[in-house]
A.B. asks: 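One structure, as structure tokens, below. Some questions next.
What you see below is based on every heavy atom in this structure, not just the backbone, and it leaves out hydrogens, waters and symmetry mates. In what follows, residues are counted from 1 in the order of the sequence shown.
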Amino acid sequence: MHAITDETTQIVDMVLEYARRRILSDDTPLDKPFTPAELRRLAGRTISDEGMGARRALALFENVLAPSCITTEHPQYLSFIPSAPSKAATAFDLIVSATAVYGGSWLEGSGAVYAENDVLAWLAHEFGLPETAGGVFVQGGTIGNLSALVAARDHADRLRREAGRPRPERWVVVASSEAHSSIASAARVMDIDVSVVRAGDDGIMRADGVRDALREHGDAVIAVVVTGGSTNFGIVDDLAGVAALKDEHDFWLHVDGAYGLAAALTEIARPRFAGLERADSLIVDPHKWLFTPFDSCALLYRDPEIARLAHTQHAEYLDALTDSSEWNPSDYSVQLTRRARGLPLWFSLATFGAQAYRDAITASIELAHAAAAEITARDHVRLVRDPQLSVVVFERIGWEHGDYAHWSNRLLDDQHAFVVPSSHAGRPNARFAIVNPRTTLDDLIGILDTMV
């Protein structure tokens, strides 16, 4: 299987031809999940001692397995947070695999690390962080948040040891009641507590609540997590107000901007992120609103040395890396082995330029506000909250959970759209998460029309 033969040449040609068709297709259907019974009937056992051959395996994927996966880059994929990679980023992802680049160390992948760091430096500059800021691309927001909080805890612990003071009985992270679920997950992994600050009726965590939590828990607080665009509503916390608390209290400020922080690249939304320049760490996911394939999260630290002290792994076989002063991405997160997952974003950004990204993100925000206006003008639906970024949450008046589920299933069965039901405060609702520049107002109006 490793030799270059006529068979492997044919395999490469077949795979590249399929990839080419898929990347350049402008009518790929939404598709939908099959049941386990359907997949057993259509695919059967796929692994054997003898193998089925590349042609049959690729045909099985193209005709059975791929159609049972929803197309996340479809313009009518409006659930969760969609993905809408540029064609350039998707194509370059093939090269990342084809070149077998290892992205964990400078020694093994200096060119790739340089390109990734160029993107991280650009992001740091856009977000107001100092030139000395740096970080790493990791798998996703969950790993990014966990890595940042581990660095924050290690830093707090190190300061206590240097001052000759004992650890607190329990470390604490302060976060909003509407913070992403990965914050609670990270706390469980780290065996620390979360002090939950209740968000206002508008979904915003404000400085007064954070101040109360800081006074209650003192220097047991390892970090305050501000949400820069919540997943459910796209709401940005009172970042400026919380950042100003650093004048009163000494705490690590982490901004979870996995979905929404990309909006800070635009003039239309940048004011919402005032105070971002005071962050000690932040994340933003390129596979969400920066048009990159799964999976990629940019993790940035104001002082990368703090993260390096927390995350560098030590072993005899790693001496060649840990004894050097070069930038090794694996030193800045909980992951050691990593692919150079920042390269597709680098290629697309280098190809099209930053303004193309600003324009595309701005278009999604403007479309969300246009959709909100359309909803407000209709009698049978109502907004749950006015949108800040590109998530629009609304209710169909008179519907219960079952009505939303039936409607959502019908939309997907008809290949009209993928809009799963959501909820807030115990009430069911629907939401449009808009990140794809190919989504149009007519698309959204057509979906609203099905609720009449």
Side-chain angles (χ1 to χ4, degrees), residues 80-84 116 119-130 133-149 175-176 178-183 203-205 223-243 252-292 295-302 333 341-342 345 349 354 357-365 368 387-391 433-435:
F80 311 116
I81 299 294
S83 177
E116 287 186 319
V119 177
L120 292 169
W122 172 73
L123 287 172
H125 174 76
E126 289 289 324
F127 297 151
L129 297 183
V136 60
F137 287 94
V138 296
Q139 176 184 352
T142 296
I143 298 297
N145 284 329
L146 174 61
S147 298
L149 294 178
S176 168
E178 297 203 11
H180 191 267
S181 57
S182 62
I183 302 302
I204 298 174
M205 179 181 74
V224 174
V225 179
V226 170
T227 302
S230 59
T231 301
N232 205 26
F233 280 92
I235 299 297
V236 181
D237 284 337
D238 177 20
L239 177 53
V242 175
W252 181 288
L253 175 60
H254 175 65
V255 178
D256 176 6
Y259 148 64
L261 194 51
L265 301 173
T266 70
E267 289 187 13
I268 192 174
R270 187 173 293 120
R272 294 192 182 278
F273 297 90
L276 179 61
E277 69 281 356
R278 302 193 68 176
D280 295 287
S281 58
L282 60 85
I283 65 165
V284 60
D285 287 358
H287 64 229
K288 290 186 170 74
W289 213 1
L290 287 174
F291 316 121
T292 299
D295 47 18
S296 181
C297 166
L299 164 61
L300 278 168
Y301 300 97
R302 168 177 294 276
S333 79
R341 53 177 38 90
L345 175 58
L349 261 175
Y357 277 72
R358 299 186 212 279
D359 292 344
I361 296 166
T362 299
S364 293
I365 297 171
Q388 284 191 355
L389 302 180
S390 69
V391 175
I434 305 164
V435 301

A.B. asks: Which pair of heavy atoms, one from A263 and one from W289, lies closest together, and at what distance?
C.D. replies: CB-CZ3, 3.7 Å
A.B. asks: Do D237 side-chain atoms and T227 backbone N/O form a donor-acceptor pair below 3.5 Å?
C.D. replies: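 Flag set: sc D237 to bb T227 pair under 3.5 Å.
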A.B. asks: Can you tell me if R358 uses its side chain to pair, donor with acceptor, with the backbone of T266 under 3.5 Å?
C.D. replies: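 No.
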A.B. asks: Drop me the distance from S390's OG to I361's CD1, to the nearest 0.5 angstrom.
C.D. replies: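 Answer rounded to 0.5 Å: 9.5 Å.
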A.B. asks: For D238, check salt bridge (Lys or Arg N to Asp or Glu O under 4.0 Å) against everything at least two apart and list the hits.
C.D. replies: none
A.B. asks: CG of D256 to CG of N145: how many Å apart, nearest 0.5 Å?
C.D. replies: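 Result: 4.0 Å between the selected atoms.
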A.B. asks: Give a yes or no on whether the backbone of L265 and the side-chain of E126 come within a donor-acceptor separation of less than 3.5 Å.
C.D. replies: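 Side chain of E126 to backbone of L265: no pair is present.
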A.B. asks: Which residue, V255, V225, L253, forms the side chain to side chain contact (heavy atoms under 4.5 Å, CB included) with V242?
C.D. replies: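 That would be L253.
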A.B. asks: Rounded to the nearest 0.5 Å, how far does NZ of K288 lie from CG of L261?
C.D. replies: 12.0 Å
A.B. asks: Could you pull out the closest heavy-atom pair between L345 and L290, with the gap in Å?
C.D. replies: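 Between these two residues, the closest heavy atoms are CD1-O, 3.6 Å.
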A.B. asks: Taking the inter-plane angle between the rings of F291 and Y357 on a 0 to 90° scale, is it parallel (under 30°), tilted (30 to 60°) or perpendicular (over 60°)?
C.D. replies: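 Ring orientation of F291 relative to Y357: tilted.
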A.B. asks: Does the T142 side chain pair with the main chain of S182, one donor and one acceptor, at a distance under 3.5 Å?
C.D. replies: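 No.
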A.B. asks: What's the shortest heavy-atom distance between V284 and A262, and which atoms?
C.D. replies: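 Taking every non-hydrogen atom into account, CG2-N, 3.7 Å.
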A.B. asks: Donor-acceptor pair, distance only, cut-off 3.5 Å: does the side chain of R341 make one with the backbone of S296?
C.D. replies: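 It does not hold such a pair.
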A.B. asks: To the nearest 0.5 Å, what is the distance between CZ on R278 and CG on L129?
C.D. replies: 12.5 Å
A.B. asks: Okay, side chain of S230, backbone of I235: is any donor-acceptor separation there less than 3.5 Å?
C.D. replies: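 Yes, the answer is positive, given that a donor and an acceptor are paired below the 3.5 Å cut-off.
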A.B. asks: Apply ring-ring contact (aromatic ring centres under 6.0 Å, His included) to F233 and list each qualifying residue two or more places apart in sequence or on a separate chain.
C.D. replies: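 Residues passing ring-ring contact (aromatic ring centres under 6.0 Å, His included) with F233: H424.
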A.B. asks: Check whether the side chains of S83 and H287 place a donor and an acceptor atom closer than 3.5 Å, and report yes or no.
C.D. replies: no
A.B. asks: Determine, step by step, whether H254 and I283 satisfy the side chain to side chain contact (heavy atoms under 4.5 Å, CB included) criterion, reporting the C-alpha distance in whole Å, the side-chain angles of both residues, the deciding distance to 0.1 Å, and the verdict.
C.D. replies: CA-CA 8 Å; H254 175 65; I283 65 165; 4.0 Å; yes
A.B. asks: To the nearest 0.5 Å, what is the distance between CD (E178) and OG1 (T231)?
C.D. replies: 10.5 Å
A.B. asks: Strictly distance-based, threshold 3.5 Å: is any side-chain N or O of S147 a donor or acceptor partner for the main-chain N or O of G144?
C.D. replies: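 No, S147 side chain to G144 backbone: no donor-acceptor pair under 3.5 Å.
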A.B. asks: How long is the gap from OH on Y259 to CG on L389, to the nearest 0.5 Å?
C.D. replies: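 Those atoms lie 4.5 Å apart.
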A.B. asks: So, for A433 and P82, which heavy atoms are closest and what is the spacing to 0.1 Å?
C.D. replies: O-CG, 3.3 Å
A.B. asks: Look only at the side chain of R302 and the backbone of A133, and say whether a donor-acceptor pair between them is shorter than 3.5 Å.
C.D. replies: no
A.B. asks: Would L120 and L300 count as a side chain to side chain contact (heavy atoms under 4.5 Å, CB included) here? Give the steps.
C.D. replies: CA-CA 7 Å; L120 292 169; L300 278 168; 4.0 Å; yes
